[in-house]
Amino acid sequence: MKLKSLTGLAVVAAMGLASCQSGTKNASSADSAKIDSAAVVKLVADSFKKEIDGKQTALYTLKNKNNAEAVFTNYGGRLISLLVPGKDGKMVDVVVGFKSIGDYEKSTEPYFGATIGRYGNRIAKGKFTLEGKTYSLFTNNGQNTLHGGKKGYQYVVWDAEQPNANTLVLHYLSKDGDENFPGNLDVKVTYTLTDDNELKMDYEAKTDKTTVVNLTNHAFFNLNGDGSGEILNHELQIYADEFTPVDSTLIPTGKLEKVAGTPFDFTKSTTIGARINDKNEQLTFGKGYDHNYVLNKTAGMGMYHAATVKGDKSGIVMDIYTQEPGLQFYSGNFMQSKNTFKSGAKDDFRTAIALETQHFPDSPNQPAFPSTVLKPGQVYKTSSIYKFSK
C-alpha cells in the first residue's frame, strides 16, 4: 500500500472480502421473469428508519441523468439496490438486498452490500504484531477474524450526508481499541453515481496510532436481477495471472500461484460455472471460488482494470476498475436460502457473487504481501469504480 503524508506523497490503499455460512441448493423460487419484478420493487423509506445505538438510520437514493439509481442505508453503509438499464432498455436491479432495516439486522449473512472494515477479509487466528506489540482480535470465522471481527463496520450507523443527487458521503470514527484494533481511525467513504453509469467508491482514513486498514464494499451482484436465479452462466474475465492459494481455513499460504491450467483461469471470458465443480483442492477449501486474485495491472480508467462480468439474461456488463492490488472473487458458495431478498426470492446457493477490490487477505501476517499498515500523519486513500453498460 502506498501512503502519503498530509503534506503530500502519492497514495493507494485497500479494500477486502469473503463470506461465511454453508451451502444448499440452487435457486428454485426465481427465474428470468424475476428480472422485471426486481426492477419495480419500491423501497419504502419508513422501513429503513430506526434508532440503533442511539443513532438514526435512513434511506438515501442517488440518481443520474439516465434514471439509474443507487440506494443506500447508513446502517452498515450498505448498498441495497442498484438499478441500471439492460439490453431491452428496462431497468434491472443488479444488487441483491433486503426491504427493511429489520431484515438486515436478523440476516444470517451479515455482509450484504455493507461497507467493510476495519480490515476486510481474513486475519489468521485473529492475531497480528505491529511495532513489537501483538494484537488479539475476536475470531468470528472459525479460528480466524473476518471483516473486522464481531462488530465490524456492517453493524455501525454511519454519519451520512448527501450533498447532491449523485453523491453520498459516509463518516465513521472507529475508536482506539474498537474490536481490539489500535488507533482512532477516522474513516470517510464517498459513493458517487456518475452520468456514465459508474458507481464510484472513494475511501479515505487517518489514524493517531499505527494500525492496519483494508476497506471495501461487500455488494452481492446478480446482473440478471435480484432474485433471477443462479449466477453460473454469468461470463467473467479477471485481469490476473496469479491468485493467492489458501489453506483449509481460507488463509493464504503466502505463495502466489499461476492461474494458467487451473479452474482459476479467468484471463479469458469464461462462465462462472464452467469449472466450479472441478476436482481441485482450492475449490474444495472454498466450496467454490472464494479467493484473492493478484491483479496484473492492466490499465483502465486511470486505474487497474480488475474484471469484466456479463449477465447472460440481461446483457448487462459490469467493468471493475481499482487502485487496489487484489480482487476477491466469491461465488456465493455459502448462501443458504435462509433470507428473503426484496424481490421475494430466497438467497439460494450461488444466486449472487461478490467481487471486492482489496489488499490481500492476512496481509498483517504476510510480509511479502503489499502492506496495509497506516501510520499517524499518513492518509489512506483508495478508489474503485463499478461501471455498467449493455
Side-chain angles (χ1 to χ4, degrees), residues 16-28 108-109 111 121-122 124-125 141-144 146 218 220-224 228-296 306-313 320 326-338 346-356 358 360-362 366 368-369:
L17 111 103
S19 208
C20 32
Q21 275 114 316
S22 165
T24 5
K25 240 325 201 170
N26 55 334
S28 56
T108 59
E109 161 59 72
Y111 305 116
N121 220 312
R122 294 177 173 87
K125 299 179 180 178
N141 186 230
Q143 65 183 18
N144 304 316
L146 176 65
H218 208 306
F220 281 72
F221 294 98
N222 185 321
L223 298 187
N224 292 329
S228 62
E230 291 181 335
I231 44 73
L232 297 179
N233 288 322
H234 279 47
E235 295 176 15
L236 172 65
Q237 183 172 7
I238 301 177
Y239 300 91
D241 303 309
E242 297 174 313
F243 75 108
T244 51
V246 296
D247 64 18
S248 61
T249 73
L250 301 182
I251 292 294
T253 63
K255 298 178 181 179
L256 304 185
E257 190 171 301
K258 297 289 185 183
V259 299
T262 78
F264 292 84
D265 189 351
F266 286 92
T267 53
K268 294 182 180 178
S269 187
T270 306
T271 59
I272 290 170
R275 296 163 303 196
I276 200 167
N277 294 316
D278 283 9
K279 189 175 181 181
N280 176 278
E281 183 181 60
Q282 288 295 305
L283 289 175
T284 300
F285 287 162
K287 295 184 170 58
Y289 299 105
D290 193 359
H291 295 75
N292 168 68
Y293 281 75
V294 181
L295 299 180
N296 60 20
T308 301
V309 195
K310 183 177 181 180
D312 55 298
K313 299 173 185 174
I320 303 173
L327 181 79
Q328 184 85 10
F329 169 37
Y330 169 62
S331 53
N333 318 308
F334 299 106
M335 302 174 75
Q336 294 184 340
S337 311
K338 291 184 177 181
K346 291 290 187 181
D347 59 337
D348 293 328
F349 186 49
R350 293 180 179 159
T351 55
I353 58 172
L355 290 159
E356 297 148 289
Q358 60 164 20
F360 303 168
D362 198 37
Q366 306 269 2
F369 287 178

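For clarity, every value in this text was computed on a predicted model and none was experimentally measured.
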Mind checking the [atom1]-[atom2] spacing from [X] to [Y]? Nearest 0.5 Å is all I need.
{"X": "Asp241", "Y": "Tyr293", "atom1": "CG", "atom2": "OH", "result": "11.5 Å"}
{"X": "Thr249", "Y": "Asn144", "atom1": "OG1", "atom2": "CG", "result": "4.0 Å"}
{"X": "Asn141", "Y": "Ile251", "atom1": "CG", "atom2": "CD1", "result": "8.0 Å"}

Please name the pair of heavy atoms, one in [X] and one in [Y], separated by the smallest distance, quoted to 0.1 Å.
{"X": "Pro361", "Y": "Asn121", "answer": "CG-ND2, 3.2 Å"}
{"X": "Ile276", "Y": "Ser331", "answer": "CD1-OG, 3.6 Å"}
{"X": "Ala306", "Y": "Leu327", "answer": "O-CD2, 4.2 Å"}
{"X": "Asp348", "Y": "Met335", "answer": "O-CB, 3.5 Å"}
{"X": "Thr351", "Y": "Asn222", "answer": "O-ND2, 2.9 Å"}
{"X": "Phe360", "Y": "Asn292", "answer": "CD2-ND2, 3.2 Å"}

Indicate, with yes or no, if the rings of His218 and Phe220 have centres closer together than 6.0 Å.
yes

So, [X] side chain and [Y] main chain: donor-acceptor pair closer than 3.5 Å or not?
{"X": "Glu235", "Y": "Asp312", "value": "no"}
{"X": "His234", "Y": "Val309", "value": "no"}
{"X": "Gln282", "Y": "Val246", "value": "yes"}
{"X": "Lys313", "Y": "Ser228", "value": "yes"}

Does a side-chain heavy-atom distance below 4.5 Å link [X] with [Y]?
{"X": "Arg350", "Y": "Ile231", "answer": "yes"}
{"X": "Phe285", "Y": "Asp290", "answer": "no"}
{"X": "Glu109", "Y": "Tyr111", "answer": "yes"}
{"X": "Leu236", "Y": "Phe329", "answer": "yes"}
{"X": "Gln366", "Y": "Pro252", "answer": "yes"}
{"X": "Tyr289", "Y": "Leu283", "answer": "yes"}

Under the side chain to side chain contact (heavy atoms under 4.5 Å, CB included) criterion, do Arg122 and Asp362 qualify, and how do the steps go?
CA-CA 6 Å; Arg122 294 177 173 87; Asp362 198 37; 5.8 Å; no

Run the numbers on Asn233 and Thr271 for side chain to side chain donor-acceptor pair (under 3.5 Å), then give the verdict.
CA-CA 5 Å; Asn233 288 322; Thr271 59; 5.2 Å; no

Hey, can you pull the donor-acceptor pairs under 3.5 Å for the side chains in residues 254-266, sequence neighbours left out?
from: Thr262; atom 1: OG1; to: Val259; atom 2: O; distance (Å): 2.7
from: Thr262; atom 1: OG1; to: Phe264; atom 2: N; distance (Å): 3.0
from: Asp265; atom 1: OD1; to: Thr267; atom 2: N; distance (Å): 3.0
from: Asp265; atom 1: OD1; to: Thr267; atom 2: OG1; distance (Å): 2.5

